[in-house]
Asks: 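Input: one structure, supplied below.
Note that ligands are numbered from 1 as they come in the structure, with each ligand's atoms numbered from 1 the same way. Here the structure is a predicted model, which means the values were calculated and not measured.
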Amino acid sequence: MTPNDQPRLEPARAAGLGLPGFEVWDSLASTNDRARTLAELGTERGWLVVALEQTAGRGRRGAAWTSMAGEGVWMSLVLDEQDAIPQLPILIGVACAEALENAAGVHVRVKWPNDLLIDEKKVGGILVERGHGWVVAGVGINVGGAPSHSALEGESPVIRPTALSEHTKERLTILPLAGELARAVLTFLDAAERVPEIFEAFEARDALRGRGVRTEEHGPGIARGLDEDGMLLLELDDGSVRSVRSGSVRLMPQTGWEE
Ligand code: BTN
């Protein structure tokens, strides 16, 4: 048997966090794939999958997510269909931003829908995937080393990546941080009837609000927060306001990121 054939189970860590299970793999293709398999097998909601390395990590919109061994938190949580509220990406973004801020002592903002930023650079990203009967939330946080990001091939310019180690004196340890992120997501989800509070928390961390952006869906405009489903509100030149549901959102050249 090779070391990667089976995960290491961490029952004490899981119990301490109130999670049904905490499994750690030396290497996986993608923690989201493993969490999906577990979800399809009926594994309890809140089961956490962590891989020290991913060989085929995925970002949003089909991008690759580089996931070097020991350089980041590469994790996925098994959720269930009741968690798949429209505001789920926002909720996870805010929960992870709070958990990171508590762990690292640095201000973390959220760029809609769920990039995590420190000083305008991307420290992490979130990939929610769902299908018939399964929902998983994948989180990737650059802790050290060469930071990962999920730019599509040929897509430029992009937000620059960063890693937590560029902003903290001591390097954070991966498994405790993964546990805190998972616990924060589940705590926010269990309070999901308090969606207005989640929106308030997002507002305080919104990296785009009031700034000129270019969206794939509706073109340029000013970011004006969120609609009730957690979609980005965009004020167009003619004063009308549209909801952005998908696609890329970039800051306009004069406001940063694009060069
Ligand atoms: C993005 O910013 O495009 C989302 C990146 C999500 C990466 C994480 S790492 C753990 C989980 N497994 C994956 O294959 N992707 C997510």
Side-chain angles (χ1 to χ4, degrees), residues 4 7 22-39 47-79 88-97 99-100 108-118 120-131 134-164 172 174-175 177-182 184-185 207-208 216 232 246-250 257:
N4 296 339
F22 189 125
E23 62 174 53
V24 183
W25 295 78
D26 288 337
S27 182
L28 275 181
S30 160
T31 55
N32 267 29
D33 292 346
R34 167 69 181 164
R36 172 184 173 169
T37 302
L38 289 170
W47 189 282
L48 179 62
V49 178
V50 179
L52 303 182
E53 168 194 63
Q54 292 183 122
T55 54
R58 288 193 300 279
R60 285 198 310 275
R61 304 167 65 225
W65 180 266
T66 315
S67 317
M68 310 254 292
E71 299 295 354
V73 172
W74 324 127
M75 61 173 250
S76 301
L77 256 184
V78 173
L79 298 180
L88 181 62
I90 295 303
L91 182 151
I92 297 174
V94 171
C96 289
L100 274 187
V108 180
R109 294 201 294 165
V110 184
K111 173 184 171 279
W112 186 91
N114 43 23
D115 288 336
L116 300 167
L117 307 186
I118 298 176
E120 305 276 70
K121 294 184 189 157
K122 180 164 171 171
V123 71
I126 291 154
L127 180 67
V128 176
E129 294 182 306
R130 62 177 300 195
W134 61 274
V135 181
V136 305
V139 179
I141 306 291
N142 300 318
V143 172
S148 318
H149 63 103
S150 60
L152 294 168
E153 194 69 28
E155 184 186 68
S156 166
V158 293
I159 313 175
R160 292 200 180 87
T162 189
L164 282 175
L172 293 172
I174 287 170
L175 297 187
L177 183 56
E180 289 309 319
L181 290 162
V185 169
L208 297 178
E216 210 171 3
L232 179 71
S246 60
S248 68
V249 177
R250 298 176 182 185
W257 292 336

Asks: Counting each atom of ligand 1 from 1 as listed, which ones have a heavy atom of S30 under 4.0 Å away?
Replies: 12 (N), 13 (C), 14 (O)
Asks: Taking all non-hydrogen atoms of both residues, which atom of V50 and which atom of T31 are closest, and how far apart?
Replies: C-CG2, 4.2 Å
Asks: Using a 4.0 Å cutoff against the non-hydrogen atoms of G57, which atoms of ligand 1 qualify?
Replies: 14 (O)
Asks: For R130, give me all partners under salt bridge (Lys or Arg N to Asp or Glu O under 4.0 Å), at least two apart in sequence or on another chain.
Replies: none
Asks: Numbering the atoms of ligand 1 from 1, which are under 4.0 Å from a heavy atom of T31?
Replies: 10 (C), 11 (C), 12 (N)
Asks: Quick one: does R60 get an N or O within less than 3.5 Å of an N or O on ligand 1?
Replies: yes
Asks: Please identify which atoms of ligand 1 are closer than 4.0 Å to at least one heavy atom of W65.
Replies: 2 (O), 5 (C), 7 (C), 9 (S)
Asks: Which pair of non-hydrogen atoms, one from S248 and one from R61, has the smallest distance, and what is that distance?
Replies: CB-NH1, 3.7 Å
Asks: Specify side chain, backbone, both or neither for V139, according to which of its non-hydrogen atoms lie closer than 4.0 Å to ligand 1.
Replies: backbone
Asks: Is the closest side-chain heavy-atom distance between L164 and L100 below 4.5 Å?
Replies: yes
Asks: Find all atoms of ligand 1 within a distance of less than 4.0 Å from any non-hydrogen atom belonging to I126, and give their numbers and elements.
Replies: 4 (C)
Asks: Answer yes or no: does an N/O atom from W74 fall short of 3.5 Å to an N/O atom of ligand 1?
Replies: no
Asks: Would you say R61 touches ligand 1, if touching means a heavy atom closer than 4.0 Å?
Replies: no
Asks: Which pair of non-hydrogen atoms, one from N32 and one from E129, has the smallest distance, and what is that distance?
Replies: ND2-OE1, 2.9 Å
Asks: Please name the pair of heavy atoms, one in G70 and one in I174, separated by the smallest distance, quoted to 0.1 Å.
Replies: O-CD1, 3.2 Å
Asks: Donor-acceptor check, side chain of W74 to backbone of M68, threshold 3.5 angstrom: yes or no?
Replies: yes
Asks: Provide the number and element of each atom of ligand 1 under 4.0 Å from a heavy atom of G59.
Replies: 1 (C), 3 (O), 4 (C), 5 (C)
Asks: Can you sort out the partners of N114 under side-chain hydrogen bond (donor to acceptor under 3.5 Å, both in side chains), two or more places apart, ordered by chain and number?
Replies: R60
Asks: Between Q54, K111, R58, flag the one that comes closest to atom 7 (C) of ligand 1 by a heavy atom.
Replies: R58
Asks: Against heavy atoms of M75, which atoms of ligand 1 measure under 4.0 Å?
Replies: 10 (C), 11 (C)
